[in-house]
Each structure stands twice: as C-alpha cells, then as structure tokens.
K.L.:
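I have a structure I would like to understand better, so I am pasting it below and will then ask my questions one at a time.
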Amino acid sequence: EVQLVQSGGGLVQAGGSLTLSCGISSGYNFEEDAIGWFRQAPGKEREEREGFSCISSIDGKTYYTDSVKGRFTISSDNAKNTIYLHMNNLKPDDTAVYYCAAAKGYYCSPIEPPRVWDMDYWGKGTVVTVSS
C-alpha cells in the first residue's frame, strides 16, 4: 500500500516561512510520476487552479500557480523518498490544509498540469495558519 506521510505546518506570522514534508513509502517508484501539493482553504474546494505546486522527480520539472509562484518552492529528495514544499513570505491567504498527492503516469507540465481527479494517492493533510 502506498502511503504519503506529511509533516510540518503550524502557525506562523505573515512574512514568515514554513517547510512541509511528504514522505513516500518505500517500494513506490514515484520518480516517473507527478507529485503535487494542493491546498484547501476554509470554506473552499481543493483544486489545482490556485495554490498548487507540482514536481516530476525524473527531471526536476516544476509548476506553480500564480498565487504561490516566487514564494513557494517544491523539491524532491529521491534518496529520502521525500517531497518538500518550502513556503516563504507567507500571507494570511495561504491559510489552508495542505495535501500532497501523487498522480501515476503523469508529468508535471505547465501546459497541462495534473488535476485533483488525476491523483491516485493522497496524504492526510497538514494545517498551515498564517496570522496577520
């Protein structure tokens, strides 16, 4: 069974930084799949059109939606089976539950990034709260 185990998150003041981790269970070769970080703000749906980042570990290709571009960085440590989301200059609008997810057979393409319904595996979510 593939498991995505999330850690990190918490409460931070606006302008601060946090790093989220997504540990991927051994035996799952995720290098040829797209790994993404979605978020779900209070009262909103989880979607890929806002606050979304993804990476294809096979070549390090990344994609970000405009709201996080330049502030968030997604990275992969293949030796540790871990995907990270480094979040800088956090804003109150970044407050959400963050989920990592994996889409088998998908590539993190800026032209056609994977969508929520393309994901095969999900982490349980990590709460990020940014105070003003």
Side-chain angles (χ1 to χ4, degrees):
E1 179 184 358
V2 175
Q3 292 186 329
L4 306 182
V5 180
Q6 297 182 220
S7 61
L11 174 64
V12 65
Q13 288 188 332
S17 300
L18 283 174
T19 295
L20 306 182
S21 300
C22 177
I24 301 173
S25 54
S26 60
Y28 170 38
N29 183 10
F30 64 92
E31 294 185 17
E32 296 185 353
D33 301 334
I35 309 295
W37 283 96
F38 296 85
R39 68 186 184 187
Q40 186 168 10
K44 295 187 178 180
E45 295 184 353
R46 191 184 318 177
E47 61 175 331
E48 68 283 345
R49 293 173 294 178
E50 193 284 325
F52 173 68
S53 310
C54 73
I55 187 169
S56 290
S57 298
I58 194 168
D59 62 2
K61 185 69 175 181
T62 58
Y63 168 79
Y64 305 90
T65 54
D66 288 345
S67 60
V68 302
K69 191 179 299 181
R71 300 188 298 122
F72 290 12
T73 302
I74 187 170
S75 63
S76 173
D77 186 335
N78 294 354
K80 294 183 178 180
N81 276 27
T82 302
I83 304 294
Y84 301 96
L85 185 66
H86 307 279
M87 305 183 292
N88 297 318
N89 191 22
L90 283 161
K91 304 175 181 180
D93 285 347
D94 295 319
T95 295
V97 180
Y98 284 73
Y99 297 89
C100 71
K104 292 176 61 67
Y106 279 83
Y107 184 73
C108 183
S109 167
I111 298 174
E112 192 173 352
R115 302 179 182 184
V116 171
W117 55 77
D118 293 326
M119 297 302 175
D120 297 284
Y121 308 110
W122 289 88
K124 293 184 178 181
T126 301
V127 177
V128 172
T129 304
V130 184
S131 63
S132 56

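Note that these values count all heavy atoms, side chains included, but never hydrogens, waters or copies made by symmetry. The first residue of the sequence shown is numbered 1, and numbering continues consecutively from there.
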K.L.:
If you take all heavy atoms of Ser7 and Thr126, which pair is closest and at what distance?
P.N.:
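It is N-OG1, 4.3 Å.
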K.L.:
Are Val127 and Trp122 in one and the same hydrophobic cluster, where Ile, Leu, Val, Met, Phe, Trp and Tyr link if side-chain heavy atoms are under 4.5 Å apart?
P.N.:
yes
K.L.:
Does the side chain of Phe38 reach to within under 4.5 Å of the side chain of Met119, using non-hydrogen atoms?
P.N.:
yes
K.L.:
With hydrophobic residues grouped by side-chain heavy-atom distances under 4.5 Å, do Phe52 and Val68 end up in a single group?
P.N.:
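They do not share one cluster, since no chain of ILVMFWY contacts under 4.5 Å joins Phe52 to Val68.
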K.L.:
Which atom pair, heavy atoms only, marks the closest approach of Thr82 to Ser21?
P.N.:
CG2-CB, 4.2 Å
K.L.:
Between Tyr107 and Asp59, is the side chain to side chain donor-acceptor pair (under 3.5 Å) condition met? List the steps.
P.N.:
CA-CA 10 Å; Tyr107 184 73; Asp59 62 2; 2.5 Å; yes
K.L.:
If you define the side chain from C-beta out and look only at heavy atoms, does anything of Glu1 sit under 4.5 Å from Ser25?
P.N.:
no
K.L.:
What's the spacing between Glu47 CD and Arg115 CZ if we round to 0.5 Å?
P.N.:
11.5 Å
K.L.:
Do any N or O atoms from the side chain of Gln6 and from the backbone of Tyr98 form a donor-acceptor pair under 3.5 angstrom?
P.N.:
yes
K.L.:
Are Val116 and Val97 grouped together when hydrophobic residues (ILVMFWY) are joined by side-chain heavy atoms under 4.5 angstrom apart?
P.N.:
yes
K.L.:
Taking the six-membered ring for Trp, are Phe30 and Tyr121 ring centroids under 6.0 Å apart?
P.N.:
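For Phe30 and Tyr121, the ring centres are not under 6.0 Å apart.
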K.L.:
Could you report the tightest heavy-atom contact between Pro114 and Cys108, atom names first, then the distance?
P.N.:
CD-CA, 4.3 Å
K.L.:
Has the side chain of Asp120 got a donor or acceptor atom that lies under 3.5 Å from a matching backbone atom of Ala103?
P.N.:
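No, the answer is negative, given that no donor and acceptor are paired below the 3.5 Å cut-off.
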K.L.:
When hydrophobic residues are tied together by side-chain contacts of less than 4.5 Å, even through go-betweens, does Ile55 share a cluster with Phe72?
P.N.:
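Yes, one cluster joins them.
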K.L.:
Please round to the nearest 0.5 Å and tell me the distance separating atom CG of Asn29 and atom OG of Ser26.
P.N.:
12.0 Å
K.L.:
I'd like to check Ile24 versus Ile35 (side-chain heavy atoms, cut-off strictly below 4.5 Å). Are they in contact?
P.N.:
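Yes, their side chains come closer than 4.5 Å.
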K.L.:
Determine whether more than 12 heavy atoms belonging to other residues, nucleotides or ligands lie under 6.0 Å from atom CD of Glu31.
P.N.:
yes
K.L.:
Verify, without hydrogens or angle tests, whether Ser109 (side chain) and Ile111 (backbone) share a donor-acceptor contact under 3.5 angstrom.
P.N.:
yes
K.L.:
Between the main-chain N or O of Ser67 and the side-chain N or O of Glu50, is there a donor-acceptor pair closer than 3.5 Å?
P.N.:
no
K.L.:
Locate the shortest heavy-atom distance separating Ser132 from Pro92; write the atom from each residue and the value.
P.N.:
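Answer, listing the atom of Ser132 first, then Pro92: CB-CG, 3.9 Å.
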K.L.:
Let's go through Val128 and Leu20 carefully: what are the C-alpha distance in whole Å and the side-chain angles of both, what is the deciding distance for side chain to side chain contact (heavy atoms under 4.5 Å, CB included) to 0.1 Å, and is it a yes or a no?
P.N.:
CA-CA 9 Å; Val128 172; Leu20 306 182; 4.0 Å; yes
K.L.:
Could you grab the distance from atom CG of Leu90 to atom CD of Gln13, nearest 0.5 Å is fine?
P.N.:
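With rounding to 0.5 Å, CG (Leu90) is 11.5 Å from CD (Gln13).
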K.L.:
Could you report the tightest heavy-atom contact between Tyr63 and Pro110, atom names first, then the distance?
P.N.:
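Looks like CD1-CA, 3.4 Å.
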K.L.:
Counting only heavy atoms not in Lys124 (residues, nucleotides, ligands), do more than 12 fall under 6.0 Å from its NZ?
P.N.:
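Incorrect, the count does not exceed 12.
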K.L.:
Should Asp94 and Lys91 count as an ion pair when the cut-off is N to O under 4.0 Å?
P.N.:
no
K.L.:
I'd like to know whether Trp37 forms a side chain to side chain contact (heavy atoms under 4.5 Å, CB included) with Ile83, so could you lay out the CA-CA distance, the side-chain angles of the two residues, the decisive distance to 0.1 Å, and finally the verdict.
P.N.:
CA-CA 9 Å; Trp37 283 96; Ile83 304 294; 3.7 Å; yes
K.L.:
Is Thr65 reaching over with its side chain to a backbone N or O of Arg49, donor-acceptor style, under 3.5 angstrom?
P.N.:
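Between the backbone of Arg49 and the side chain of Thr65 there is no qualifying donor-acceptor contact (under 3.5 Å).
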K.L.:
State the OG-CG distance between Ser17 and Asn89, to the nearest 0.5 angstrom.
P.N.:
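Answer for the OG-CG pair, Ser17 versus Asn89, is 8.0 Å.
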K.L.:
Considering only Ile, Leu, Val, Met, Phe, Trp and Tyr, and joining two whenever side-chain heavy atoms are under 4.5 Å apart, list the other residues clustered with Val5.
P.N.:
none
K.L.:
Kindly check if the number of other-residue, nucleotide or ligand heavy atoms within 6.0 Å of CD (Glu112) is above 12?
P.N.:
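For Glu112, atom CD is not crowded (no more than 12 foreign heavy atoms under 6.0 Å).
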K.L.:
Would you check if the side chain of Thr95 reaches a backbone N or O of Val130 as a donor-acceptor pair within less than 3.5 Å?
P.N.:
yes
K.L.:
Rounded to the nearest 0.5 Å, how far does CG of Asn78 lie from OG of Ser76?
P.N.:
3.5 Å
K.L.:
Is any side-chain heavy atom of Ile74 closer than 4.5 Å to a side-chain heavy atom of Tyr64?
P.N.:
yes
K.L.:
Do the side chains of Tyr106 and Leu4 join up, straight or via other hydrophobic residues, at under 4.5 Å, putting them in one cluster?
P.N.:
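The answer is no; the residues belong to distinct hydrophobic clusters.
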K.L.:
Which heavy atom in Arg39 sits nearest to a heavy atom in Asp93, and how many Å separate them?
P.N.:
NH2-O, 4.1 Å
